[in-house]
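Keep in mind it's a predicted model, so treat the numbers as computed, not measured. So you know, we letter chains A, B, ... as the sequences are listed, proteins then strands, and number each from 1.
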Number of protein chains: 2
Amino acid sequence: MTGMTTAQRPTLEAVARRAGVSRATVSRVVNGSTTVAEPIQEAVRRAVAELGYVPNLAARSLVTQRTDSVALVMPEEATRVFSDDQVFPGIIRGAAQELEAADKQLVLMLAGSAAGHERVERYTTGRHVDGVLFASLHGADPLPGTLARLGIPVVCAGRPLDGARVPYVDVDNVGGVTRAVRHLIENGRRRITSIAGPQDMIAGIERLTGYRETVTAAGLPELVAYGDFTRESGAAAMHQLLTAHPDLDAVFAASDLMAHAALRTLREAGRRVPDDVAVIGFDDIETAAYTEPPLTTVRWEIVELGREMTRQLLRLAAGEAIEESVILPTELVVRESA
Amino acid sequence: MTGMTTAQRPTLEAVARRAGVSRATVSRVVNGSTTVAEPIQEAVRRAVAELGYVPNLAARSLVTQRTDSVALVMPEEATRVFSDDQVFPGIIRGAAQELEAADKQLVLMLAGSAAGHERVERYTTGRHVDGVLFASLHGADPLPGTLARLGIPVVCAGRPLDGARVPYVDVDNVGGVTRAVRHLIENGRRRITSIAGPQDMIAGIERLTGYRETVTAAGLPELVAYGDFTRESGAAAMHQLLTAHPDLDAVFAASDLMAHAALRTLREAGRRVPDDVAVIGFDDIETAAYTEPPLTTVRWEIVELGREMTRQLLRLAAGEAIEESVILPTELVVRESA
DNA sequence: TTGTAAGCGTTATCAA
DNA sequence: TTGATAACGCTTACAA
């Protein structure tokens with residue numbers, strides 16, 4: 001099979017001829033100007049329909065200097081993204097929904113490799129999009145700051161680690177963790193460990209902070225092992241904790257995937273959940289309700305984060321002023337693991 | 001915070017002036033023409049670097065009639081997509097990887113609602129992209145066929161149900177299911193039930209076909225309940241099967257999510273897996289290795305499907321002839337549930 | 001209210 | 001090998 005034909009598309013010119021008006025008038029009608037007489041609008045619309053006219057976006061964008069598209073940049077990081085993680089798909093979905101309403105296109109870019117990152121930089125700084133959304137940053141990526149300085153609308157998921165003053169949307173990580181750890185304390189747990197997330201991501205950092213502050217405030221020890229939000233890392237961290245603190249009676253994991261792995265590791269080690277050890281995760285991915293036992297976790301609305309980021313970006317692109325940050329709420333969902 | 005500045009980007013003209021050559025020559029150098037004298041190429045490249053010149057894609061696309069972008073159309077269908085499903089994220093990832101290598105953009109479009117579908121149709125038929133990828137079709141969507149007839153390169157995930165002759169890439173559903181059901185039979189199962197997928201999707205249809213053919217060939221009864229690939233639907237279908245066929249000793253579920261729900265439902269009903277009932281899923285999502293017990297399932301390479309679809313599309317867009325279909329292999333992964 | 005005409009930044013066709 | 005110059009299809013002052 002092959003593609004390729006020479007289907008000539010009708011242009012404004014063709015519509016104008018057919019409707020017996022000028023190109024300018026057709027343009028006005030197509031763009032919804034109200035200054036055109038009703039009968040003429042009618043004639044133009046008929047011509048558009050008959051010819052199957054669709055505006056050439058390249059031509060339009062050439063003169064308007066807008067592209068009507070927004071880039072969503074995702075760190076690719078090997079298998080992490082899109083593996084079992086629901087965060088990125090959720091953000092994509094939220095962004096897509098909001099952009100659809102604004103009739104703008106979503107251009108997805110992976111910035112995992114150095115080449116990918118370079119490509120993203122070239123593309124975004126080249127003003128090929130009206131704005132850029134960053135879904136989760138690793139380390140202190142300077143790109144958001146650079147774009148912001150160039151006057152290109154940018155919104156990040158989570159506060160940028162390089163200290164750049166770029167608008168961002170995040171969830172109340174510390175508040176969520178605090179509630180989770182307090183829940184453990186109130187249920188009599190005293191050897192509360194934590195499987196922390198990666199410390200080069202703001203979510204990893206903040207969730208660890210929430211844990212530290214809460215156990216310390218209660219006069220309890222900080223017992224931490226590190227993972228990177230994935231199941232494999234969660235299993236490894238759980239093993240470390242069991243070895244280092246055999247008397248542990250609770251685990252707060254910074255992601256549901258790590259909590260899921262912890263559940264299994266604990267079972268393999270002969271510990272009963274929640275009888276011997278209570279476990280709480282973070283994210284409330286769908287799987288959390290189906291683990292054995294069902295996972296108590298901190299919920300936040302992933303899709304809503306994507307939507308809110310996009311709304312902020314669209315305001316920025318429209319020249320409106322916005323808050324530097326928006327923090328979405330988190331909520332403790334108590335199931336059976338704690 | 002606000003966006004908006006008047007950062008004037010340098011144009012070809014500016015580079016030409018700075019390098020002391022014509023616009024045409026700069027264009028040649030930028031596009032890698034070999035007919036330009038080396039010293040001049042050098043001068044142009046320096047000017048490009050100094051000015052930070054980035055080509056205006058809209059202008060280029062206006063004259064080349066190419067957009068260097070490809071649309072990936074996904075059915076949105078409420079919570080289904082992007083919920084816990086790893087299929088769509090996997091396809092996105094594969095497409096993104098392959099397009100990155102080809103230096104083309106990935107435009108993601110959701111076609112769940114009627115409005116969304118209409119928007120996709122307008123955008124793709126309007127030739128705003130060089131090709132269109134369809135990730136999983138519901139029902140007999142005429143759009144792929146329409147686009148193909150317009151000469152717009154199209155590749156689908158799975159054979160289109162409306163019989164349109166559109167190139168597609170799929171996995172060997174029937175072969176995979178056949179191996180799974182035979183495995184159950186070989187292990188002595190005789191009351192083999194199936195939780196089928198939605199019958200308006202090719203994957204749902206083919207996986208059911210594979211089940212029917214295999215049990216029938218073995219002289220066993222067809223015992224089917226229907227789901228839509230989600231966990232909720234899987235739980236409901238499992239309940240139905242337990243009620244209708246209390247003596248069942250095996251379940252083949254057309255998706256891992258449904259199999260996961262079946263596992264829980266069986267446990268709640270007091271059936272032991274695999275002792276009383278063997279369970280096999282399909283997809284081999286990451287969670288499959290973490291269910292209780294770990295799920296035996298049919299694996300296929302999700303990301304590879306996305307990559308292969310994209311490779312085919314790029315060939316088509318380049319004017320090459322391609323096979324009407326490419327079928328990727330499936331493999332039975334035996335864990336503990338069967 | 002409508003039309004004229006001047007770009008927008010490229011690429012491509014010719015000549016030179 | 002290089003340079004004019006004419007498109008590409010649209011929007012938008014400015015005129016009428």
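A salt bridge is defined here as a Lys NZ or Arg NE, NH1 or NH2 lying under 4.0 Å from an Asp or Glu carboxylate O, and A/Arg311 with A/Glu304 meets this definition.
Rounded to an integer number of Å, the gap from B/Arg17 CZ to D/dG3 P is 15 Å. When rounded to the nearest whole Å, the span between CD of A/Glu13 and C1' of D/dA7 equals 13 Å. Distance, B/Arg60 CZ to C/dT11 P: 5 Å, rounded to whole Å. Taking atom CG of B/Leu12 as the reference point, atom C1' of D/dT5 lies 15 Å away to the nearest angstrom. As rounded to whole Å, 10 Å separates atom P of C/dT11 from atom CG of B/Asn56. Straight-line distance from the CG atom of B/Leu57 to the P atom of C/dC8: 19 Å, rounded to whole Å. Computed from coordinates, the A/Arg66 CZ to D/dC10 C1' distance equals 12 Å when rounded to whole Å. B/His128 places its NE2 atom 13 Å from the P atom of D/dG9, with the value rounded to the nearest Å.
With distances taken from any side-chain atom of B/Arg23 to the nucleotides C/dT2, C/dG3, D/dA6, the minimum falls on D/dA6. Candidate nucleotides D/dG3, C/dG9, C/dG3 were compared by shortest atom distance to the side chain of B/Ser22, and D/dG3 ranks first.
Phosphate proximity of C/dT11 to B/Asn31: present, with a side-chain N or O under 4.0 Å from OP1 or OP2. One finds no side-chain N or O of A/Thr11 lying less than 4.0 angstrom from the OP1 or OP2 phosphate oxygen of D/dG9. At the phosphate of C/dG3, OP1 or OP2 sits under 4.0 Å from a side-chain N or O atom of A/Thr25. Contact between the side-chain N/O atoms of B/Thr35 and the OP1/OP2 oxygens of D/dT1 is not found at any separation under 4.0 Å. Taking 4.0 angstrom as the limit, B/Ser27 places a side-chain polar atom (N or O) nearer than this to OP1 or OP2 of C/dT11.
Atom CG in B/Asn56 sits 6.0 Å away from atom CG in A/Leu62 (nearest 0.5 Å). Taking CG from B/Asp141 and CG from B/Asp200, the interatomic distance works out to 11.5 Å, rounded to the nearest 0.5 Å.
Within the 4.0 angstrom heavy-atom criterion, only backbone atoms of the sugar-phosphate kind lie near A/Ile40; the bases stay farther away. Heavy atoms of A/Ala37 sit under 4.0 angstrom from primed sugar atoms or phosphate atoms, though from no base atom.
Evaluation of atom-type donor-acceptor distances gives no pair under 3.5 Å for the side chain of A/Arg28 against the base of D/dT11.
Between the side chain of B/Ser27 and the backbone N or O of B/Arg23, no donor-acceptor pair lies under 3.5 Å. Between the A/Asp130 side chain and the A/Thr67 main chain, a donor and an acceptor come within less than 3.5 Å of each other.
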